[in-house]
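One structure is given here, and the rest of the page talks about it.
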Amino acid sequence: MTQVVTLSAPNAQDCVALAEIELCGELMIAAADAHEDRLSPDRIDEVLNVGAACSEPVPTIPRQCRHRG
């Protein structure tokens, strides 16, 4: 007996997961191209287009360095 797998339309969680994977990929590419050991917070913001003009508000994640004591 052969099983058939049907694919449904992606739900919201799938779209969010795919967006996160794409952003991680962009960060990995930027890190591979970087001359320094780590990407600066400003370079990360640039890669992720943080602060770019947008028609709708986008929730942001605070930088980790602000939470370190």
Side-chain angles (χ1 to χ4, degrees):
M1 180 180 246
T2 303
Q3 292 183 343
V4 177
V5 176
T6 57
L7 300 175
S8 61
N11 60 32
Q13 290 177 339
D14 291 341
C15 293
V16 170
L18 289 173
E20 289 177 353
I21 291 167
E22 185 176 347
L23 292 173
C24 287
E26 294 294 328
L27 285 172
M28 287 190 282
I29 291 168
D33 290 340
H35 297 289
E36 57 274 352
D37 289 338
R38 294 177 176 228
L39 294 177
S40 69
D42 291 333
R43 177 66 179 131
I44 292 170
D45 289 348
E46 181 183 336
V47 170
L48 299 179
N49 291 323
V50 174
C54 185
S55 60
E56 62 184 60
V58 177
T60 59
I61 299 171
R63 291 184 179 161
Q64 290 182 357
C65 62
R66 292 182 184 163
H67 298 287
R68 294 183 182 157

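The side-chain contact (heavy atoms from CB on, under 4.5 Å) test applied to L48 returns L23, L27, I44, V50, not counting sequence neighbours.
To the nearest 0.5 Å, the span separating CE on M28 from CG on D33 amounts to 12.5 Å. Distance check: E20 CD to C15 SG gives 11.5 Å after rounding to the nearest 0.5 Å.
Taking a 6.0 Å sphere around CD of E22, one finds it holds 12 or fewer heavy atoms contributed by other residues, nucleotides or ligands.
Nearest heavy-atom pair across A30 and V47 is CB-CG2, 3.5 Å.
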